[in-house]
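Presented below is the structure to which this report refers.
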2 protein chains.
Amino acid sequence: MSLHPAATRCLDCGLQKLCFPPSFDESALTRISQLVAQPSAFSKHDTVYRLGDPMTALYAVRSGALKTSMLLASGEEQITGFYLPGEVIGLDNMGQSHCASTATALEKTTLCELPVSGISRLSQQLPELQGHLFQIMSTELRADYQRLHLMAQASAEVRVVSFILGLSARQQQRHLAAHELRLAMSRADLGNHLGLALETVSRVLSQLAADGLIEVHGKQLRILHAEALAARVQASCHE
Amino acid sequence: MSLHPAATRCLDCGLQKLCFPPSFDESALTRISQLVAQPSAFSKHDTVYRLGDPMTALYAVRSGALKTSMLLASGEEQITGFYLPGEVIGLDNMGQSHCASTATALEKTTLCELPVSGISRLSQQLPELQGHLFQIMSTELRADYQRLHLMAQASAEVRVVSFILGLSARQQQRHLAAHELRLAMSRADLGNHLGLALETVSRVLSQLAADGLIEVHGKQLRILHAEALAARVQASCHE
DNA sequence: CGTAGCATTGATTCTCTTCAAGAGGTGTGG
DNA sequence: CCACACCTCTTGAAGAGAATCAATGCTACG
């Protein structure tokens, strides 16, 4: 048997409400649990899947943090997202035979593996699961549109602030301190993701700190004036 | 032909191969057809759905062209995509009760309406339909990641050239002339979508024309040297 | 034929990138 | 435990590229 049998049961998992909507009943959760293998552990820099790998599963983040990226022919990397506990990675590979992206752990991370074959089969039987999958995929699409807008229109400051506030909101969903963030990724990764040079990211953070809106100590970030930050994002739109 | 009743049967539709993968058999197509209402017609500037509307359907483009956009609180618009015949709009609203985006016709356009309730129900019964939906959603995700990379890293020229080549490829899929494009959208829309000022779009097009790579006459665009264009996109990566 | 909207072109300004140097932190080996 | 090297982050100065402002040209449509 497994080492921590209870931990693999979604019913007992603290992240249940994040992975699945509240509408899921006990029997649905039980059936999903049966698909989930023992959570697997990854260390910093480990890849969960890589560009070109056969697409076998979705993964729900149980602890830690990851980045997903597209590696281009030229060797350039585009970081497409950072993922926290309760979030699902691999959606961009759904329906494909092979992975088009790469997922890399940013720190010690554990993941619940959801085999696609099982998920597809089960979502034939559970309309609410199918609906949920559609929903998280469309949510991902909408989030990307927001980011596209950010990249298209927003200044460096607005991009960074939006990212910080977004991260804060996601932490809050996890019932974690909304004002104490840990930037698991490097400045370079952050810059890549936001379409900025890493120096620019650093400068913006320093400026925000100088203005007394945040405190930064390496990867640790404290939000001092969330409203003032939000105001700066709005400000760029009002003109 | 397109107004003939029989045209609502996917089996008889010339775009069948674009809307659905070849694996769909006759009975599957027939059942999908039964969901599709008579194609509805839209004029330039008509909206198919708007931000906040109840989410009732996906739409397959039958003829014409549309743009989809997110309207932000500030009144700003972010154009998230342009859609051609055989493509499906509304995926970003899947699983949501209300639309988070707006779809606007760029010219005379006809659409096949696919009610979500029917689509959801039918995809419970047809695994290949469910798989296809997952696939087009994930394809949309991957396309957005490409665009994100474009916005994050690429120069104005590369953005415009990538867009042109992408459009050309999509035309080719439709068995249309790959080198004769009609830019149904305005320069402003194009600039918005690519994260550039409309003047910059215009300048880049003029420059490409001056270099003898394309010909531009208003909305009409002819590609003279596809390879040279592709080379310019690559060039920015090799460094 | 004239007007309105869209597109092009030019000049200037500004933001971000790039290049460069130095500081802070971390991990390893002596 | 300290010293050194390595890596990441910060900060500064210069330059490039696109945005903005502004004027003119083109096209379509009543």
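Lettering follows sequence order; numbering is per chain, from 1.
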Taking the axis from the first five pairs and the axis from the last five, what angle separates them in the helix from C:dC1-D:dG30 to C:dG30-D:dC1, rounded to 10 degrees?
40°

Sub-4.0 Å heavy-atom contacts from residues 202-209 of chain A onto DNA chain D, ordered by number
A:S202, A:R203, A:S206

Expressed in angstrom and rounded to an integer, what is the separation of A:L221 atom CG from D:dC9 atom C1'?
14 Å

Applying salt bridge (charged side-chain N to carboxylate O under 4.0 Å, His left out) to B:R203 and not counting sequence neighbours gives none

Mind checking side chain to side chain donor-acceptor pair (under 3.5 Å) for A:Q207 and listing every partner two or more places apart, or none if nothing turns up?
A:D211

So salt bridge (charged side-chain N to carboxylate O under 4.0 Å, His left out) across residues 147-161 of chain B, not counting sequence neighbours, yields B:D144-B:R147, B:E157-B:R232

Return the value, rounded to whole Å, for the distance between atom NE2 of B:H217 and atom P of D:dA28.
12 Å

Are any side-chain N or O atoms of B:T109 and backbone N or O atoms of B:F42, one a donor and one an acceptor, separated by less than 3.5 Å?
no

Spacing of CG belonging to A:L208 relative to CG belonging to A:L229, to within rounding of 0.5 Å
6.5 Å

Sort and list the pairs that fulfil salt bridge (charged side-chain N to carboxylate O under 4.0 Å, His left out) and have at least one residue in residues 161-170 of chain B, not counting sequence neighbours.
B:E87-B:R170

Taking 4.0 Å as the cut-off, does a side-chain nitrogen or oxygen of B:K219 come that near to OP1 or OP2 on D:dT27?
no

Rounded to whole Å, how long is the line connecting atom CD of B:Q220 with atom C1' of D:dT27?
14 Å

Can you name the residues that form a side chain to side chain donor-acceptor pair (under 3.5 Å) with A:K108, not counting sequence neighbours?
A:S43

Under the 3.5 angstrom rule, does the side chain of A:D46 hit a backbone N or O of A:A105 as a donor-acceptor pair?
no

Taking 5' to 3' order, which nucleotide of DNA chain C is first and which is last to have an atom within less than 4.0 Å of a heavy atom in chain A?
C:dC16 to C:dC19

Residues passing the side chain to side chain donor-acceptor pair (under 3.5 Å) test with A:Q96, sequence neighbours excluded, are B:R142

A:S63 side chain to A:T110 side chain, donor-acceptor N/O pair below 3.5 angstrom
yes

Would you jot down, in residue-number order, the residues of residues 187-201 of chain B having a non-hydrogen atom under 4.0 Å from DNA chain D?
B:G195, B:L196, B:A197, B:E199, B:T200

Once you measure the plane-to-plane angle for B:Y49 and B:Y59, does it fall in the parallel (<30°), tilted (30-60°) or perpendicular (>60°) bin?
parallel

Please list, chain by chain and in numerical order, all residues satisfying salt bridge (charged side-chain N to carboxylate O under 4.0 Å, His left out) with A:R222, sequence neighbours excluded.
A:E180, A:E215

Which residue lies more 5' along DNA chain D, comparing A:V216 with B:A156 via nearest heavy atoms:
A:V216

For B:E77, the salt bridge (charged side-chain N to carboxylate O under 4.0 Å, His left out) test, sequence neighbours excluded, returns B:K67

